[in-house]
Structure formats: structure tokens, C-alpha cells
Amino acid sequence: MSDTVVTRFAPSPTGFLHIGGARTALFNWLFARSLGGKMLLRIEDTDRARSTEAAITAILDGLKWLELDWDGEPVFQFARAGRHREAVERMLAEGRAYRCYATAQELEEMRATAQAEGRPPRYDGRWRDRPEADWPTDRAPAIRLKAPTEGETVIDDLVQGRVVIPNKDLDDLVLLRSDGTPTYMLAVVVDDHDMGVTHVIRGVDHLTNAARQAQIYDAMGWSAPRMAHIPLIHGPDGAKLSKRHGALGVEAYREMGFLPAALRNYLARLGWSHGDDEIFSTEQAIEWFDIADVGRSAARFDQVKLQNLNGHYMRATPDDELMATFRAALPYLPGGLAAIARLDETGRWPALEGALPGLKERAKTLVELLDGARFLLDQRPLSLEPAAEQLLTPEARRLLALLGERLAAIEPWAAPEAEAAVRSVAEEAGVKLGAAAQPLRAALTGRKTSPGIFDVLVALGREESLARIADQAAQRP
RNA sequence: GCUCCCAUCGUCUAGCGGUCUAGGACGUCGCCCUCUCACGGCGAAAACAGGGGUUCGAGUCCCCUUGGGAGCGCCA
């Protein structure tokens, strides 16, 4: 048996790669990789009016960012229009397709009357058996499939199970538009066949298309690939995830500071499960993935859970690796470019690196990481947040002066030494450590919360730290 | 309207007739840890949509109801 598995991800370039498409790509990828097969990429650009170059770029970038690699070069569907027409010629010659001269207006009327009579809106097949003598010469025909009118079309779906669609509910679909361009329905079948696709994994919104496509396969005398129609992803409100309901492009998740690995893990967990496993590596996902474990009900997208997962991933990422990831992501984060400039001019990259362990512990996303690092970016004199301002009572400022003196004397400038100094000051003053640490935090970071204060001291360095302390301590009553 | 699909804690899910007084995760709420915030630890509240069957036995199988969703283009 040398029949290796071939899947494909086939987005239409009419917009960015949204989260649902990303998951479809992931499932195709996981399926192929788990079975040692291939995942092909095909750009469904047969809708010339709506396909854009920008969308193609966005989709490719999105896949790359998610680290979902495909095999071979992307196939552009429109470029294969000649081949698609060829297939139609054959169906025409074999009497499996026919010319339809119905006008758009007639079609519209058909739909309207069907609707009014409570019937499903379908093409009535009026040109199905018309002799050549009736063919008008003032307009070009569309080519329709001569679909079976009786019986049923059965889809043996890997996820949905056996789905039966009565043929009377499927009308004669258009294969070739009157302008001679192939429709999606035709192109998909011909391309999947030519590309040797063995498994089609896509959203359930294509389920009835599968039945129509099965009829085309039949008309061409080809055997259809196995199908797996996965459930859709809904928005937090349970409504369909549309562009108006928070269906963001994957690049938006990059801008929100998510890690590709975390997003992959989260997406994999939406609709698929491996027992109670929640956090797993991509390698494990590949090893465990089984299309049989994909459920049939739609899932809601929960960004809070994604954030939690992302936090896990950030904490689990080794510091040097996270630092590299963070640096690379910075240009995409809000305020990231400004941060890079500041870090460059102050030479505080090493300080950031030093603060990273403390920072990553407190951040769920790279955006939060950047926010946490703000004390490294700010310039003296610091503008204090109101909450920090409140911490700096007259007593606190007196304590700061003492703290400044004592810290100035420590050697080396390191966390244990700093801690010893602060603790002794607190003890002498008869206050708890917090009473000294909090004002210190306010003076050093301008905020009420930050990484461990001794780590902050170290990251900032002796000179900057003492200066910031002095800034606040100096203002004695 | 017609066709098809779906239905376990707020959310994602485990469960593939008896081991379920239904498990895990996120979120929520307590407590502990503690220089703040996080992290971490411990604990709590929280679900089998409803009704009929089948069976010795149903969250698990069947039917109906209800509630969701998808599709019905010379879009993809």
C-alpha cells in the first residue's frame, strides 16, 4: 500500500485568514502529518472580482506565522481554468451536462415563485432536454450538470457519519458560467482529483456541497476523496463567527501578543480532544490526532481561555527563546516600535533581558509583557500612576530617603544585598517589609504592581535606581 | 419555507450501556503562599435541554418536542 494521504487547505483570497480557516488548516495539517502524508495549499481565486493579492499575502503570512507548512507550491485555481473547461467538454459530450440559456432574471423569478409556493428555491431544469434548434444565438449559455433527479446522494463522512441528501433537493448546478469561467463547484472537483487529494477536511458549511461535488465526480467517472466536515467555530455570544462578530484574522492574534504554539494548542482543542489533555506540544498533537476524535458540535471561541493557555506557554518558554520571540514580535505589538527605539537609545536591552523572568511570570500575552516592561522604557522623572502616588505618603518618602542611603552602600548591586538592605531599614523603622517595598516600587516603577522589587532594582541598575528613589525622596514635606 | 447537522457545568470538553453519588480545563468564589501583581498549592459552587421508549440497567441506543447551527447563487 503506497497510497499516502494527501490533504489540502483551500482558502479563497477574499479576505484574511480568520480563526475558523486557521483551524481548518490546522486539522488538515495535523491529519496529514500524523499519517505521514502531505498537505497541499490551493488558492481558490476563481472569483476574479473578489480575489485580491493582499488577501493571498495575508493568508500565506498567517499560515507561516502559525508555522503550518504546506507541501509544494501553492496551486492557483484560476490558472487551471483551461483544464476545468476540458472536463466540462467531456461531460457535455457524454450527455452529463447541458447548455442553459436561462437569464438572470428568469432565475430570479424561479426563485421567487418557488419561495412563494413554499418550495425550496431551485433551478427547474427548463433547458435540460431542449434540442439544439431551440438554442438562442443572442447570448452565451452557462453549462449545467445534468444531475440525477431521483434517488439520493450519500456522503460517508469521517466526522459527520453517513449523511443522506435526496437528489430532488439538489438542482442542476452551474459548471461553467456564461462567460466561460469555471465555478467553484467544478474547480474543486477537478483540482482535488488532479492534485491527488485523498482527504478533504473542511467546515460543515460545505456539507451539502459535498453532495453536489459527489455528483460531479460521478459524472466524470472519478472516485471521490474521503470527506471530513468539521464543525464551525462560533463567537462568544454563540452566534456565527463572522467578521462583525469578532472573527479576526490570525495577524490580529499576533498583534495581541499570542504565541503561535499557544494558538495552535487552543485551536486544536476546539472540536478535537485527546481525553483530558489540555496542554500539549505540537509533536504530541501530531502523534495523537485522529479524525475520529473530532466532535460534531460547534464550539465557541473563548479568548480568556486562549490567554490562560498563552500564559502557560510564555512561562514554559526558556528565557532566551522568549526574549528572541518577543523581539521578533515587537514590531507587531501596539507601541512596539516606540519601545524598540527607546531600548536602543537607552541601551536597556540587557536590562529587559534581566527582567524577563520576572516579567513573563506576570503576563498572559506579549502585549502584557511589554506593558510590564514599561518601567524600563520610561524616563525620569517618572510620572506616577494615581495608585502609586497614594503609596507615597510623607512617611513613605522619609523611608525612601533612608532606603536610598542604605542602597547606595550595597556591594555588589544584586538582589540578595538589596533585599538585606531593605529588610534592615524596615526593621529599624519598625515597619513590615511591605511598607518599605511598596513605596520603593512606586518610586522605581511609577506603579503599584511590578515584578519582585529586588529584581526591579537589579534590572534598573544602581545609578538609575538611586536617581528614581531620590526623585521621590527629595520631595520631603 | 425546504434539506441536513448538533445538544454534558457560564465556556472548551471526558464519557464510546453497568466502574457516573458525571471527570478535567478556563472562568468564578474562598483559603494558603507573599514586598505588590502574578505564579503555585488547597478547596467550593457549577452540567447530562424536556418527554417518551428499548434494556435487568441509559449521559451513553431509538423516537418526538424544544433550542441552536449550516446549506439552499452564473460566491467560495
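Both backbone and side-chain heavy atoms feed into the values below; hydrogens, waters and symmetry mates do not. First the proteins, then the strands, lettered A, B, ... as listed; each starts at 1.
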### Query
So does A:R80 pair up with A:D191, basic N to acidic O under 4.0 Å?
yes
Is a donor-acceptor contact shorter than 3.5 angstrom present between the side chain of A:D276 and the base of B:rG23?
yes
Partner of B:rC2 under the Watson-Crick or G-U wobble criteria, both distances under 3.5 Å, comes out as B:rG71
Classify the side chain of A:R300 versus the base of B:rC12 as yes if they form a donor-acceptor pair under 3.5 Å and no if they do not.
no
Ignoring hydrogens and angles, are the base of B:rC74 and the side chain of A:S178 linked by a donor-acceptor pair under 3.5 Å? yes
task: Could you tell me whether A:F289 and A:F27 have their ring centroids closer than 6.0 angstrom?
output: yes
Self-check item: base_contact_polar (B:rA76 base, A:D45 side chain, donor-acceptor, <3.5 Å)
Solution: no
Note: A:A421 and A:S424 closest approach over all heavy atoms is O-OG, 2.9 Å
Pairwise P distance for B:rG41 and B:rA25, with rounding to whole Å | 10 Å
B:rG59 -> Watson-Crick or G-U wobble partner, both distances under 3.5 Å, gives none
### Task
Would you please confirm or rule out a distance under 4.0 Å between OP1 or OP2 of B:rG27 and any side-chain N or O of A:N308?
yes
Distance below 4.0 Å between A:R269 side-chain N/O and B:rC12 OP1 or OP2: no
When A:P141 and A:L207 are each assigned the nearest nucleotide of RNA chain B, the 5'-most assignment goes to A:L207
>> Looking at A:R296 and B:rC6, is any side-chain donor or acceptor paired with a base atom of the opposite kind under 3.5 Å?
In response: no
For B:rC48, the nucleotide meeting Watson-Crick or G-U wobble distances (both under 3.5 Å) is none
Could you tell me whether the side chain of A:K305 has a donor or acceptor atom within less than 3.5 Å of a complementary atom in the base of B:rA25? yes
Note to self: Base, sugar-phosphate or nothing for A:F454? Non-hydrogen atoms, less than 4.0 Å.
What the structure shows: base
By nearest-heavy-atom nucleotide on RNA chain B, the more 5' of A:H206 and A:S450 is A:S450
* Ion pair A:D218/A:R96, N-O distance below 4.0 Å -> yes
query = Is A:R122 side chain donor-acceptor paired with the B:rU3 base, going by distance under 3.5 Å alone?
reply = no
From NE2 of A:H84 across to P of B:rA76 the rounded distance in Å is 11 Å
